[in-house]
Amino acid sequence: MNLKSYLQTRAPVFTESEIAPIHLADLNGRHYYAFAEDVTPPSGGKAVSDQELKDVISNSQLIRQIKEEAGRRITDIAPMWKQQNALADLHLLGDRTDLTEAEQETLTKAQDLLAQVQVLRERSNAIEASFLNGVAVDYLTDKAWEDDLHAE
C-alpha cells in the first residue's frame with residue numbers, strides 16, 4: 001500500500017495534477033490518500049502507520065459506502081430472516097450423519113445461501129483493498145461484484 005497523510009493546512013492540491021490519489025479520510029487534522037503503486041506521492045506527507053490505517057479505515061466514508069453496498073447486495077439475495085434460518089439449519093443438521101433426503105436438501109440450500117453471502121463479503125474486502133492500493137473501482141456496478149475484480 002502506498003498511503004500518505006498530509007496536514008490539512010499543507011496538503012497538496014490535485015485538481016490540476018497528473019497524480020490522482022484516492023482520498024480515504026480526514027482525521028486528526030490530516031488528509032489521508034492512497035496512491036497507485038507506480039505513483040510517487042508529493043513530498044510533505046508521512047507514511048501511514050498500522051494503527052493510523054485502522055483509524056482511517058474505521059472513519060472512511062468511502063469504506064463505509066462500500067460496506068453499505070455489500071450489505072445491500074447481501075440482503076437482496078438473503079434477507080436477515082433467510083440468513084438466520086440458514087444458520088439454524090446448518091447448526092441443527094450440519095453434524096448429523098442420518099439426514100433424510102429432505103433434511104439433506106435443506107442443509108444444502110442453507111450452505112449454498114451462506115456461500116453466496118461469503119462471496120459478497122470477500123468481494124467487498126477485495127474492493128476495499130483495491131481502493132487502499134490506489135486503484136478505484138466503480139463499486140456501484142454489478143461488474144465490480146463479479147468473481148474477478150481485475151479480470152479485464
Side-chain angles (χ1 to χ4, degrees), residues 1-6 8 11 14 19-41 45-152:
M1 276 183 267
N2 195 4
L3 301 174
K4 296 285 183 186
S5 73
Y6 297 87
Q8 288 178 347
F14 297 102
I19 297 173
I22 295 172
H23 183 263
L24 297 172
D26 290 333
L27 189 62
N28 301 324
R30 301 188 76 82
H31 291 294
Y32 289 83
Y33 294 100
F35 296 88
E37 185 179 303
D38 57 345
V39 172
T40 303
K46 72 171 191 147
V48 176
S49 70
D50 290 341
Q51 182 55 48
E52 281 178 303
L53 179 59
K54 288 179 187 175
D55 291 343
V56 167
I57 290 171
S58 66
N59 288 286
S60 173
Q61 180 66 28
L62 174 64
I63 300 297
R64 193 171 13 258
Q65 289 170 336
I66 295 166
K67 289 182 184 307
E68 287 171 1
E69 180 64 13
R72 185 190 69 74
R73 288 173 180 272
I74 288 169
T75 55
D76 279 355
I77 63 163
M80 286 305 292
W81 65 268
K82 276 190 178 180
Q83 293 178 54
Q84 290 170 339
N85 287 347
L87 288 170
D89 291 340
L90 191 62
H91 177 73
L92 295 172
L93 303 174
D95 291 335
R96 289 191 30 210
T97 57
D98 62 340
L99 297 177
T100 66
E101 222 174 278
E103 289 171 330
Q104 182 59 53
E105 185 178 330
T106 298
L107 178 60
T108 301
K109 285 180 181 178
Q111 291 169 328
D112 290 347
L113 182 71
L114 294 173
Q116 290 176 43
V117 169
Q118 183 60 26
V119 165
L120 289 172
R121 292 177 66 214
E122 290 169 0
R123 292 299 311 127
S124 177
N125 291 341
I127 291 168
E128 291 170 28
S130 182
F131 276 99
L132 292 173
N133 286 313
V135 179
V137 174
D138 188 357
Y139 60 90
L140 296 175
T141 65
D142 291 338
K143 184 161 181 57
W145 296 89
E146 293 172 0
D147 288 339
D148 188 3
L149 185 61
H150 301 291
E152 301 170 29

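Numbers for residues simply follow the sequence, beginning at 1. Keep in mind that the numbers below use all heavy atoms, side chains included, and drop hydrogens, waters and symmetry copies.
Contact of the Leu113 side chain with the Asn85 side chain is not registered, since no non-hydrogen atoms from C-beta on lie closer than 4.5 Å. Using a 4.5 Å heavy-atom cutoff, the side chains of Gln8 and Asp26 are in contact. Using a 4.5 Å heavy-atom cutoff, the side chains of Leu90 and Leu107 are in contact. With contacts defined as side-chain heavy-atom distances shorter than 4.5 Å, the pair Val39/Pro21 does not qualify. Proximity of Lys109 to Asp89: side-chain heavy atoms (C-beta onward) are nowhere separated by under 4.5 Å. A 4.5 Å side-chain heavy-atom check between Tyr32 and Glu52 finds at least one atom pair inside the cut-off. At least one side-chain heavy atom of Ile77 sits under 4.5 Å from a side-chain heavy atom of Leu120.
Counting all heavy atoms, side chain and backbone alike, Leu93 lies closest to Glu103 at CD1-O, 3.6 Å. Minimum heavy-atom separation, Arg30 to Ser5: NE-OG, 2.7 Å. For Pro41 against Tyr6, the heavy-atom pair with the smallest separation is CB-OH, 3.5 Å. The minimum heavy-atom distance linking Phe131 with Val137 is given by the pair CZ-O, 3.2 Å.
Proximity of a side-chain donor or acceptor of Ser130 to a complementary backbone N or O of Val135 within less than 3.5 Å is detected.
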Exercise for the section: Quick one: do Leu132 and Ile57 satisfy side-chain contact (heavy atoms from CB on, under 4.5 Å)? Show the steps, please. Expected result: CA-CA 9 Å; Leu132 292 173; Ile57 290 171; 3.8 Å; yes
Problem - Verdict with supporting geometry, Trp145 and Ile127, side-chain contact (heavy atoms from CB on, under 4.5 Å) - result: CA-CA 8 Å; Trp145 296 89; Ile127 291 168; 3.7 Å; yes
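Counted within 6.0 Å of CG on Asp50, heavy atoms from surrounding residues, nucleotides or ligands total 12 or fewer; the atom is thus considered open. The neighbour count for Asp95 CG, taken as heavy atoms of other residues, nucleotides or ligands under 6.0 Å away, does not exceed 12.
The CG atom of Asp138 lies 11.5 Å from the NZ atom of Lys143; values are rounded to the nearest 0.5 Å. Taking CD1 of Ile22 as the reference point, atom CG of Asn133 lies at 9.0 Å (rounded to 0.5 Å). The OH atom of Tyr33 sits 10.0 Å away from atom CG of Leu24, with the distance rounded to the nearest 0.5 Å. For the atom pair OG1 (Thr75) and NZ (Lys82), the distance works out to 11.5 Å, reported to the nearest 0.5 Å.
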Hey, can you pull the donor-acceptor pairs under 3.5 Å for the side chains in residues 64-71, sequence neighbours left out?
from  : atom 1 : to     : atom 2 : distance (Å)
Arg64 : NE     : Gln61  : OE1    : 3.3
Arg64 : NH2    : Gln61  : OE1    : 3.4
Gln65 : OE1    : Tyr139 : OH     : 3.1
Lys67 : NZ     : Glu128 : OE1    : 3.3
Lys67 : NZ     : Glu128 : OE2    : 3.1
Glu69 : OE1    : Arg72  : NE     : 3.2
Glu69 : OE2    : Arg72  : NH2    : 2.7
Glu69 : OE2    : Arg73  : NE     : 2.8
Glu69 : OE2    : Arg73  : NH2    : 3.3

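With sequence neighbours excluded, the residues forming a side-chain contact (heavy atoms from CB on, under 4.5 Å) with Asp55 are Leu27, Gln51, Asn59, listed by chain and number.
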